[in-house]
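One structure is given below, encoded as structure tokens.
Since this is a predicted model, take the numbers as computed values, not measurements. Naming convention: chains lettered A, B, ... in sequence-line order (proteins, then strands); numbering from 1 in each chain.
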There are 2 protein chains.
Amino acid sequence: MSDAQAPAQISRREQILREAARLFAERGFHGVGVDEIGAAVGISGPGLYRHFAGKDAMLAELLVGISERLLAGGRMRIAEGGESPEAVLRALIDGHIDFALDDRPLITLHDRELDRLREADRKRVRQLQRQYVELWVDVVREVHPGPSESRARAAVHAVFGLLNSTPHLGRPGALPGRTEMAELLHGLALGAFGAVAREAAEGESMAASASASAAASGA
Amino acid sequence: MSDAQAPAQISRREQILREAARLFAERGFHGVGVDEIGAAVGISGPGLYRHFAGKDAMLAELLVGISERLLAGGRMRIAEGGESPEAVLRALIDGHIDFALDDRPLITLHDRELDRLREADRKRVRQLQRQYVELWVDVVREVHPGPSESRARAAVHAVFGLLNSTPHLGRPGALPGRTEMAELLHGLALGAFGAVAREAAEGESMAASASASAAASGA
DNA sequence: CATCCGGGTTAATGGGCGTTAACCACATCC
DNA sequence: GGATGTGGTTAACGCCCATTAACCCGGATG
């Protein structure tokens, strides 16, 4: 127990978590059996119970885990405090994009299977999510002081939907690669946030805000 | 059977579909039992089999239905052809927002439970979805000729994620009401699409693209 | 009046699945 | 070199649940 404790690679436990995440994301929590999860890591069926109290416990650990990591990442980037509020917002966006692109299954689970948790775990996850959202809301309102808080919060939720959309994409290579995708999403998110500010700035001419940007090109 | 055929309101069948949609969206396809669906419409358990071949058939009808209505709506708005490509894009966005806000459960199901369908139905739904996406891609590229097709397609997917984010929102009234929400989402979507164009227009200075907004486009 | 038949009912069937029980092998420690 | 504990195994239990069977009732049909 003294030296060989850090056994080279990831523990069996984490291996199970990764496969479970993939399967849950693919077929839903209820859609995948405990035997399949076992098979995915080379052991079969009830062997999983040597590592987890039950199927629910796996999902709980996955969801709490990603919620905590998202929040921690967000707090870190805010604490680092870029040169400007805009820089902080860009850092938040990039951080979230990294999560969305690298941990697709978890991002999917994160808003799909939350209700399958036991009350206590669900409350914890929701609380973490709420804190994460508020982090963003504060930064967004700092960058774009116009809109009301509820408007800003709704915008943040919507942009999360935008950033988290990557997992749902068609399999074939009809889409950009990872780095181009990250850059594109970054731009889309900034554009969306910018719009909420522009909209608030202009009194009422909502229609004009659309064409104002690129309209001249067609004409 | 001659006169009283259109019996005032919605048929039992449609009643079942609506409740099933709500329950599936809330707890997942596998998470809701056939007895619960029956209970939700006042009959119990296997009585549903007088109206549907099985649980799968309900889901299939729901998903094919919404996919068809989305596509039909999109085609209609394009056929009507607004005064400009921009107007058509705005119409598409508004139409989609109406769906997202009025048929939340269906929008949720639409990208959550697709894999629970039998092969044939799944193929059909995917085909309808693909056609709908291509509709948008064409219009977006007309409005913003800069970006590559794959870039435009990814942007459309992302904006769908944005527009479809409404169902996942916190219950309490911490968010804007329906009309304000629609307006906000409209602005966010336009802002996102605008960004993909701006980004492509400017060579590399990505950071500036946020604040530059409308100014740079003419030049 | 007898007959259908649409739309229900409850009971039975059968399979899938999460979990537990009982048992086992190997490495490590003393 | 026997005790111990960790990480497996397979078999069994029990529940849940979709589907089917068998039966029923009320109204339109003729």
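Side-chain atoms of A:Leu48 and A:Ile37, non-hydrogen and from C-beta on, do get closer than 4.5 Å to each other. A:Glu134 places none of its side-chain heavy atoms less than 4.5 Å from the side chain of A:Gln131.
Where B:Lys55 and B:Arg50 meet DNA chain D, the nucleotide closest to each residue was compared, and B:Lys55 sits on the side nearer the 5' end.
Following rounding to the nearest Å, B:Ile43 (CD1) and C:dG6 (C1') show an atom-to-atom distance of 12 Å. Straight-line distance from the CZ atom of B:Phe52 to the C1' atom of D:dT20: 19 Å, rounded to whole Å. At whole-Å resolution of the value, CG in A:Asp35 and P in D:dG8 are 15 Å apart. The nearest whole Å value for the distance from the CZ atom in A:Phe29 to the P atom in C:dG18 is 8 Å. Distance, A:His51 NE2 to D:dT6 P: 11 Å, rounded to whole Å. Between the CZ atom of B:Arg116 and the C1' atom of D:dA18 there is a distance of 17 Å, given to the nearest Å. Spacing between atom CG of A:Leu48 and atom P of C:dG18 amounts to 10 Å, rounded to whole angstrom units. If you measure from atom CG of A:Leu23 to atom P of C:dG18, you get 12 Å, rounded to the nearest angstrom.
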Below 3.5 Å between N/O atoms, which protein atoms pair up with nucleotides 11-16 of chain C? Just atom names and distances, please.
none

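Residue contacts for B:Gly54: at a heavy-atom cut-off of 4.0 Å it reaches the sugar-phosphate backbone alone, with no base atom in range. The residue B:Val32 sits close only to the backbone: its heavy atoms come under 4.0 Å of sugar-phosphate atoms, none of a base. Among the heavy atoms of the strands lying under 4.0 Å from A:Gly47 is at least one base atom, whether or not backbone atoms are also near.
Distance alone, capped at 3.5 Å, places no donor-acceptor pair between the B:Arg151 side chain and the A:Leu184 backbone. A donor-acceptor pair under 3.5 Å is absent between the side-chain atoms of B:Arg77 and the main chain of B:Leu92, judged by distance alone.
Between A:His30 and D:dC16 there is no side-chain polar atom (N or O) within less than 4.0 angstrom of OP1 or OP2. OP1 or OP2 of D:dT6 has not a single side-chain nitrogen or oxygen of A:Arg12 nearer than 4.0 Å.
Electrostatic pairing of B:Glu19 and B:Arg22 counts as a salt bridge here, judged by a charged N lying under 4.0 Å from a carboxylate O. In this structure, B:Glu149 pairs ionically with B:Arg153, as a charged nitrogen and a carboxylate oxygen lie closer than 4.0 Å. For the pair B:Glu68 and B:Arg124, the salt-bridge criterion is met [side-chain N within less than 4.0 Å of a carboxylate O].
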